[in-house]
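Input: a single structure, listed below in structure tokens.
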Amino acid sequence: VSREHDVARLLARTARTMPPLRGVFHAANVLDDGLIVQLTPERFSRVMSPKAIGAWNLHAALAKTRLDHFVLFSSISSILGSAGQANYAAANSFLDALAHHRRTLGMPALSINWGAIGQVGILARNPSIAAHLEANGVHPIEPDRATRMLGLLLTREVTQIALAHLDW
């Protein structure tokens with residue numbers, strides 16, 4: 001999604017071969033952690049492109065499409081920050097701002113600032129990260145609970161919301 005022409009090609013194929021598009025769930029994620037002084041423009045771009053540029057490309061390509069949902073999977077890091085993840089926090093902050101921008105234009109938008117999700121994804125592949133988060137009071141959300149919350153949020157007029165289990 002970080003290349004405008006790829007988004008256009010995918011949406012054209014979707015229009016030809018599938019029923020009308022009614023919603024978008026943008027869940028792109030790339031991590032490239034490092035202290036801010038170590039983050040080169042290339043490292044920043046590697047993280048920003050799929051999230052921020054990808055979200056913008058979807059927004060622009062679908063600006064005239066009547067959608068029921070435009071959901072952006074952001075992170076709690078855009079609200080709280082995260083040591084060594086300035087690029088990731090910035091990319092997620094862009095998603096939050098895009099959701100508010102779309103709402104001011106009368107378009108659907110929901111940015112969810114997810115906390116840690118357990119049993120799947122990054123935490124399932126990296127037990128040391130999961131242990132570090134737990135030790136700092138960031139507890140994982142069970143995937144079935146996250147799915148139920150997502151379903152509930154899709155029925156509400158919410159632009160941005162954080163879902164996390166924190167115990168500080």
Query raised in the report: For Ser82, what residues pass the side-chain hydrogen bond (donor to acceptor under 3.5 Å, both in side chains) criterion, not counting sequence neighbours?
Result: Gln85

Query - 4.5 Å side-chain heavy-atom contact, His26 and Val1 - result: yes

Query raised in the report: Going only through I, L, V, M, F, W and Y residues with side-chain contacts under 4.5 Å, is there a path from Leu21 to Leu72?
Result: yes

Query raised in the report: Can you say whether the rings of Phe25 and His69 are parallel (under 30°), tilted (30 to 60°) or perpendicular (over 60°)?
Result: tilted

**Report entry** Stepwise salt bridge (Lys or Arg N to Asp or Glu O under 4.0 Å) check, Glu157 with Arg103
**Finding:** CA-CA 10 Å; Glu157 286 296 318; Arg103 285 292 179 126; 2.9 Å; yes

Query raised in the report: Is Leu153 reachable from Val71 through a run of I, L, V, M, F, W or Y residues, each pair having side-chain heavy atoms under 4.5 Å apart?
Result: yes

Report summary line: In short, Pro50 meets Ala28 closest at the heavy-atom pair O-CB, 3.5 Å

Report task. Show your working on side-chain contact (heavy atoms from CB on, under 4.5 Å) between Leu67 and Arg102 and close with a plain yes or no. Result -> CA-CA 12 Å; Leu67 298 173; Arg102 285 182 58 86; 4.2 Å; yes

Report task. Would you sort out whether Asn113 and Ser78 count as a side chain to side chain donor-acceptor pair (under 3.5 Å), showing the intermediate values? Result -> CA-CA 7 Å; Asn113 302 101; Ser78 74; 3.0 Å; yes

Query raised in the report: Just wondering, do Lys51 and Trp56 contact through their side chains at under 4.5 Å, heavy atoms?
Result: no

Query raised in the report: Hey, is CD1 on Ile36 packed in by over 12 heavy atoms from elsewhere, all under 6.0 Å?
Result: no

Query raised in the report: Do Met107 and Phe70 have side chains that get closer than 4.5 Å, going by heavy atoms?
Result: no

Query raised in the report: In a check of side chain to side chain donor-acceptor pair (under 3.5 Å) between Arg43 and each of Asp32, Asn87, Asp33, which one passes?
Result: Asp32

Query raised in the report: Is there a chain of hydrophobic side chains (I, L, V, M, F, W, Y, each step under 4.5 Å between heavy atoms) that links Ile79 to Trp114?
Result: no

**Report entry** Main-chain N/O of His132 paired to Asn136 side chain as donor or acceptor, under 3.5 Å
**Finding:** yes

Query raised in the report: Within a reach of under 6.0 Å around CZ of Arg66, are more than 12 heavy atoms found that belong to other residues, nucleotides or ligands?
Result: no

Query - Side chain to side chain, Val47 and Leu31, heavy atoms closer than 4.5 Å - result: no

Report task. Please report the C-alpha distance between Ile117 and Phe73 in whole Å, then the side-chain angles of each, then the deciding distance to 0.1 Å, and finally whether the side-chain contact (heavy atoms from CB on, under 4.5 Å) criterion is met. Result -> CA-CA 12 Å; Ile117 306 290; Phe73 280 25; over 6 Å; no

Requested in this report: Report yes or no: does Asn92 contribute a side-chain atom to a donor-acceptor pair with the main-chain N or O of Ser75 at less than 3.5 Å?
Outcome: yes

**Report entry** Residue pair Leu98, His59: steps toward the side-chain contact (heavy atoms from CB on, under 4.5 Å) verdict
**Finding:** CA-CA 9 Å; Leu98 179 58; His59 159 71; 4.0 Å; yes

Requested in this report: Return yes when atom CD of Glu4 has more than 12 non-hydrogen atoms of other residues, nucleotides or ligands closer than 6.0 Å, and no otherwise.
Outcome: no

